[in-house]
Asker: 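Attaching a single structure in structure tokens format; questions to follow.
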Amino acid sequence: MSGPDRIGPAVGIAASELQFGYRPEKLVLDGVSITAPAGALTCILGPNGSGKTTLLRCLMGRLVPRTGQVMVGDKSIRKLPARQAARLLAYVPQTPACAFEFSARQIVLMGRTAHSGMLGLAGRQDSAVADLAMKMTDTLHLAGRTLSELSGGEAQRVMVARALAQQPAVMLLDEPTSHLDIKSQLVIHEMMRRLAHEWGMAVVCVSHDVELAGRFADQLVLMKAGKVLADGPPRDVLRRDLLSEAYEVQVELLTAPGADSPIIRASLPR
């Protein structure tokens, strides 16, 4: 543990001039650069096929770009041993899944693998970190239940707790609210913002929900066709012209009383 007010080190992640393609003749990422600092929630937006998930996989080190580099703090992700990378980076998938009927607490303890001893047995420190992660995600009361017994929102919070148990500097989430109801979407977004602001993490989330991203994120990255169309605070990115260009729809921005981000109304071009 690194203290009562932080579960891991405060380190940001940055990518510079990434080029990546699954086939030689086609680039999925074409010169993408982003910076996600510690203590901030960064949401990556864009239409299907714009390269969002591919970018996330490059940030994780699961994909190796043709050119460019990913830095976690002052360390290149490509030069980090797998164990050290697992201590710095945590990943939350779009759909919670577990091949076996492990309890929620057992799943969270799996996040301690990078810190456990040779036999991978959980010690007192591992149990303490797992308990803290479950308290942070309000899942401690679910400890004895399996994923199949949980709602979508509960299961997703357990997966966030497992990622937290790694004590990472950076948390990467791939559309964590895509299959959740409205309340669960709000809970997950509030949790991501809290992890960034109160626990000093660099939190990077791929999202299709432009309004929620604008409401909770500190900065947005808007992508189209493998390039960054715009990045910065929500007020600079959630513009009618940029959203229309990215999503190829007609956009109307509505201002709600007391709201910091706009309500977005989209329609097909006529």
Side-chain angles (χ1 to χ4, degrees), residues 1-15 34-44 53 55-63 69-94 96 98 104-117 120 122-123 125-139 156-176 188-207 217-219:
M1 301 278 293
S2 54
D5 59 353
R6 179 172 291 140
I7 199 166
V11 177
I13 187 169
I34 72 165
T35 299
L41 170 57
T42 301
C43 283
I44 304 172
T53 295
L55 172 57
L56 200 70
R57 290 173 180 165
C58 286
L59 294 178
M60 295 164 56
R62 291 191 179 181
L63 295 178
Q69 65 178 347
V70 175
M71 302 291 292
V72 183
D74 59 355
K75 299 178 175 64
S76 169
I77 189 69
R78 295 181 64 180
K79 296 180 180 179
L80 287 175
R83 191 178 182 87
Q84 188 176 356
R87 292 183 176 186
L88 287 173
L89 294 164
Y91 170 66
V92 179
Q94 181 179 144
C98 187
R105 193 169 193 280
Q106 288 173 321
I107 290 171
V108 175
L109 278 169
M110 291 175 188
R112 297 299 300 160
T113 302
H115 301 269
S116 301
Q125 181 76 353
D126 300 312
S127 295
V129 173
D131 286 345
L132 176 58
M134 296 190 82
K135 287 178 182 177
M136 290 170 61
T137 54
D138 191 25
T139 54
Q156 194 63 283
R157 296 206 314 273
V158 168
M159 301 308 287
V160 173
R162 183 180 71 170
L164 279 175
Q166 292 179 226
Q167 292 184 270
V170 180
M171 182 172 292
L172 307 168
L173 306 97
D174 189 5
E175 299 185 41
I188 294 295
H189 277 83
E190 183 61 47
M191 185 187 306
M192 291 190 296
R193 183 166 63 180
R194 180 182 169 218
L195 293 176
H197 292 186
E198 297 181 19
W199 295 79
M201 284 183 161
V203 181
V204 183
C205 171
V206 167
S207 178
D218 298 292
Q219 59 181 31

Asker: Locate the shortest heavy-atom distance separating Ala196 from Ala40; write the atom from each residue and the value.
Answerer: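 Closest approach of Ala196 to Ala40: CB-C, 3.5 Å.
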
Asker: Test: salt bridge (Lys or Arg N to Asp or Glu O under 4.0 Å). Region: residues 107-116. Which pairs qualify, not counting sequence neighbours?
Answerer: Arg112-Asp126

Asker: Taking side-chain contact (heavy atoms from CB on, under 4.5 Å) as the test, write out the residues that go with Ala38, two or more places apart.
Answerer: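 side-chain contact (heavy atoms from CB on, under 4.5 Å) check on Ala38 returns Ala10.
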
Asker: Does some side-chain heavy atom of Tyr91 sit less than 4.5 Å from a side-chain heavy atom of Met171?
Answerer: no

Asker: Taking Glu175 for the side chain and Pro93 for the main chain, is one N or O donor matched with an acceptor at less than 3.5 Å?
Answerer: no

Asker: Can you tell me which residue among Met134, Met191, Met159, Met201 is in a side-chain contact (heavy atoms from CB on, under 4.5 Å) with Leu164?
Answerer: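 With Leu164 as partner, side-chain contact (heavy atoms from CB on, under 4.5 Å) holds for just one option, Met201.
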
Asker: In Å and rounded to the nearest 0.5 Å, what is the CG to CG distance from Asp174 to Leu56?
Answerer: 5.5 Å

Asker: Identify, with sequence neighbours excluded, every residue that meets side-chain hydrogen bond (donor to acceptor under 3.5 Å, both in side chains) alongside Arg57.
Answerer: none

Asker: For side-chain contact (heavy atoms from CB on, under 4.5 Å), just list the numbers for Val158 and Val108, CA-CA rounded to whole Å, side-chain angles, deciding distance to a tenth of an Å, and then say yes or no.
Answerer: CA-CA 7 Å; Val158 168; Val108 175; 4.2 Å; yes

Asker: Within the structure provided, determine whether Leu88 and Leu80 are in side-chain contact (heavy-atom separation under 4.5 Å).
Answerer: yes

Asker: By side-chain hydrogen bond (donor to acceptor under 3.5 Å, both in side chains), which residues pair with Gln84, not counting sequence neighbours?
Answerer: none

Asker: Between Val203 and Leu173, does the side-chain contact (heavy atoms from CB on, under 4.5 Å) criterion hold? Intermediate values first, please.
Answerer: CA-CA 8 Å; Val203 181; Leu173 306 97; 3.6 Å; yes

Asker: Short question: side chain of Gln156, backbone of Pro176 - any donor-acceptor pair under 3.5 Å?
Answerer: yes

Asker: For the backbone of Asp138 and the side chain of Arg157, can you confirm whether one donor and one acceptor N or O come within less than 3.5 Å of each other?
Answerer: yes

Asker: Just to verify, what does Arg78 make a side-chain hydrogen bond (donor to acceptor under 3.5 Å, both in side chains) with, not counting sequence neighbours?
Answerer: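 Checked Arg78 against side-chain hydrogen bond (donor to acceptor under 3.5 Å, both in side chains); zero matches.
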
Asker: How many angstroms lie between CZ in Arg193 and CD1 in Ile188, if you round to the nearest 0.5 Å?
Answerer: 14.0 Å

Asker: For Ala90, what residues pass the side-chain contact (heavy atoms from CB on, under 4.5 Å) criterion, not counting sequence neighbours?
Answerer: Ala163, Gln166, Pro168

Asker: Within a strict 4.5 Å, meaning less than it, do heavy atoms of the Leu59 and Ile13 side chains meet?
Answerer: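 SC-SC contact between Leu59 and Ile13 confirmed.
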
Asker: Closest approach of Leu41 and Cys205, non-hydrogen atoms and distance?
Answerer: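 Taking Leu41 first and Cys205 second, the nearest heavy atoms are CD1-CB, 4.4 Å.
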
Asker: Are the side chains of Leu55 and Ile34 in touch, meaning some heavy atoms are under 4.5 Å apart?
Answerer: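 Of all side-chain heavy-atom pairs linking Ile34 with Leu55, at least one is under 4.5 Å.
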
Asker: Given the rule in the side-chain contact (heavy atoms from CB on, under 4.5 Å) test, do Leu195 and Met136 qualify, once you have shown the distances and angles that lead to the verdict?
Answerer: CA-CA 9 Å; Leu195 293 176; Met136 290 170 61; 3.4 Å; yes

Asker: Just wondering, do Lys75 and Val11 contact through their side chains at under 4.5 Å, heavy atoms?
Answerer: no

Asker: Could you work out, with salt bridge (charged side-chain N to carboxylate O under 4.0 Å, His left out) as the rule, every residue matching Asp218, not counting sequence neighbours?
Answerer: none

Asker: Please identify each residue that fulfils side-chain hydrogen bond (donor to acceptor under 3.5 Å, both in side chains) with Thr42, with sequence neighbours left out.
Answerer: Gln219

Asker: Sequence neighbours excluded, which residues qualify as salt bridge (charged side-chain N to carboxylate O under 4.0 Å, His left out) partners of Arg194?
Answerer: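 Scan of Arg194 (salt bridge (charged side-chain N to carboxylate O under 4.0 Å, His left out), adjacent residues dropped) gives Glu198.
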
Asker: How long is the span from the OG1 atom in Thr53 to the CE atom in Met60, to the nearest 0.5 Å?
Answerer: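 Between atom OG1 of Thr53 and atom CE of Met60 there are 10.5 Å.
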
Asker: Is the shortest heavy-atom distance from the side chain of Val72 to the side chain of Leu89 under 4.5 Å?
Answerer: yes

